[in-house]
Amino acid sequence: MIQWFSLLAHWQQALLATIFTWGVTAVGASLVFFFKNIHKNVMDAMLGLAAGVMIAASFWSLLLPASEMAQELALPTLPVLLCGFLSGGVLLFIGDKIFSALEKKNASSPHKKRALLLVFSITLHNIPEGLCVGVAFGSLAYGLSGANLAAACLLALGIGLQNFPEGTAVSVPLRREGVSRPRAFFWGQISGAVEPVSGVLGALLVMHVRTLLPFCLSFAAGAMLYVVAEELIPESQSGDKKDVMALFTLIGFSVMMLLDMVFA
């Protein structure tokens, strides 16, 4: 199985990896068939764990390889990484502002429109996540020291872990508002459907434009850390077990760091 996967074209690897991350979103959304409510502490713990995983992945799987690639390509390392990193965060910032404006405009709308806004918000975050997986697999085409199959797979695994509570966070609140279970599941999983598309586009982009690699990787890191800082950590710290949730963030970081260092 592993050998078969390693022989695939890099865009095909990106496609399968992002189908996996989409599938994890669907698994998270499927909890709506078993629970109408999920204890907040459980959700906070999953979000805290996912935040730690994404923080570690943003450095070991994205920024560190981007730095090594920039040096090998004789590019100005600091300007490229800084520009890419800030661009990723700013793009998500602008997207959040657009979403907030739409949310205020439709504050009194029925649950169908609220569902669309909620899905839009999660989908907005899933686009750069799919791109960063695609970029990680696309970068394998050049055989640079910062790129390897294990690191790309671990990045997809980390994003998949983060997608699980996202799927649940969409479907369960919708069910609580009276949406049927099948419809709540549909809206919960559809937010991850954009990842295979953006993943393949990311892979094809860097496979054809080699010098974009460091920028794209650092861009993905900035986008991921924005999601962590703006969404995951604040939400995981919104309950009464803040100290415990902080430990889950440390655990998530430690697990991803260990996997990256062992398999990279």
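Worth knowing before you read on, the calculation uses all heavy atoms, side chains too, and leaves out hydrogens, waters and symmetry mates. In this text, all values refer to a predicted model and were calculated from it rather than measured experimentally.
For the atom pair Glu195 CD and Thr21 OG1, the distance stands at 3.5 Å (nearest 0.5 Å). One finds the CD atom of Gln237 at 8.5 Å from the CE atom of Met245 (value rounded to the nearest 0.5 Å). Note that the CE atom of Met224 and the CZ atom of Phe59 stand 13.5 Å from one another [nearest 0.5 Å]. In this structure, Gln13 CD and Phe5 CZ are separated by 4.5 Å, a value rounded to the nearest 0.5 Å. We find the OH-CG distance between Tyr226 and Leu91 to be 10.0 Å, quoted to the nearest 0.5 Å. Here the CG atom belonging to Leu16 is positioned 9.0 Å from the CH2 atom belonging to Trp11, to the nearest 0.5 angstrom.
Between Ser198 and Gly130, the closest heavy-atom pair is OG-CA, 3.4 Å. Taking all atoms of both residues into account, the shortest heavy-atom contact from Leu205 to Cys216 is CD2-SG, 4.2 Å. Residues Pro182 and Phe33 share a closest heavy-atom pair of N-CE2, 4.0 Å. Taking each heavy atom of Ala29 and Ser171 in turn, the nearest pair found is O-OG, 3.0 Å. The shortest heavy-atom contact between Ala14 and Gly134 is CB-CA, 3.9 Å.
At least one side-chain heavy atom of Ser238 sits less than 4.5 Å from a side-chain heavy atom of Asp44. Side-chain contact between Ile159 and Val24 is absent, with no heavy atoms from C-beta onward closer than 4.5 Å. A 4.5 Å side-chain heavy-atom check between Phe185 and Ser30 finds at least one atom pair inside the cut-off. Considering only heavy atoms from C-beta on, His10 stays 4.5 Å or farther from Leu204 through its side chain.
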Kindly determine whether Leu49 and Ile251 satisfy side-chain contact (heavy atoms from CB on, under 4.5 Å), including the steps that lead there. CA-CA 7 Å; Leu49 189 72; Ile251 292 170; 4.0 Å; yes
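Heavy atoms from other residues, nucleotides or ligands lying under 6.0 Å from CZ of Phe93 number 12 at most. At most 12 non-hydrogen atoms from other residues, nucleotides or ligands lie less than 6.0 angstrom from CZ of Phe248.
Residues that satisfy the side-chain hydrogen bond (donor to acceptor under 3.5 Å, both in side chains) test with Ser218, not counting sequence neighbours, are absent from this structure. Every residue two or more places apart in sequence or in another chain was checked for a side-chain hydrogen bond (donor to acceptor under 3.5 Å, both in side chains) with Ser58, and none qualifies. Ser6 is linked by a side-chain hydrogen bond (donor to acceptor under 3.5 Å, both in side chains) to nothing, counting only residues two or more places apart in sequence or in another chain.
Panel note: side chain Thr249, backbone Gly52; no donor-acceptor pair is recorded below 3.5 Å. At distances below 3.5 Å, at least one donor-acceptor pair connects side-chain atoms of Ser236 with backbone N or O atoms of Ile233.
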Compile the donor-acceptor pairs under 3.5 Å between side chains in residues 75-83 and protein atoms, sequence neighbours left out, one pair per line.
none

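Following chains of ILVMFWY side-chain contacts shorter than 4.5 Å, one can reach Val255 starting from Leu154, so the two form part of one hydrophobic cluster. Under a hydrophobic clustering in which Ile, Leu, Val, Met, Phe, Trp and Tyr are joined whenever their side-chain heavy atoms come within less than 4.5 Å, directly or via other members, Leu63 and Leu217 fall into the same cluster. By the rule that hydrophobic residues join a cluster once side-chain heavy atoms approach within less than 4.5 Å of another member, Leu155 and Trp60 end up as members of one cluster. At a threshold of 4.5 Å between side-chain heavy atoms, the hydrophobic network of Ile, Leu, Val, Met, Phe, Trp and Tyr places Val135 and Leu64 in one connected group. Following chains of ILVMFWY side-chain contacts shorter than 4.5 Å, one can reach Val194 starting from Leu131, so the two form part of one hydrophobic cluster.
Shown are Leu8, Val200, Leu149; of these, the side chain to side chain contact (heavy atoms under 4.5 Å, CB included) with Phe137 is made only by Leu149.
Cluster note: Leu201 groups with Val197 through ILVMFWY side-chain heavy atoms spaced under 4.5 Å, whether in direct contact or through intervening members. In the hydrophobic clustering, Leu250 connects to Leu247, either directly or through intervening members, whenever side-chain heavy atoms lie under 4.5 Å apart.
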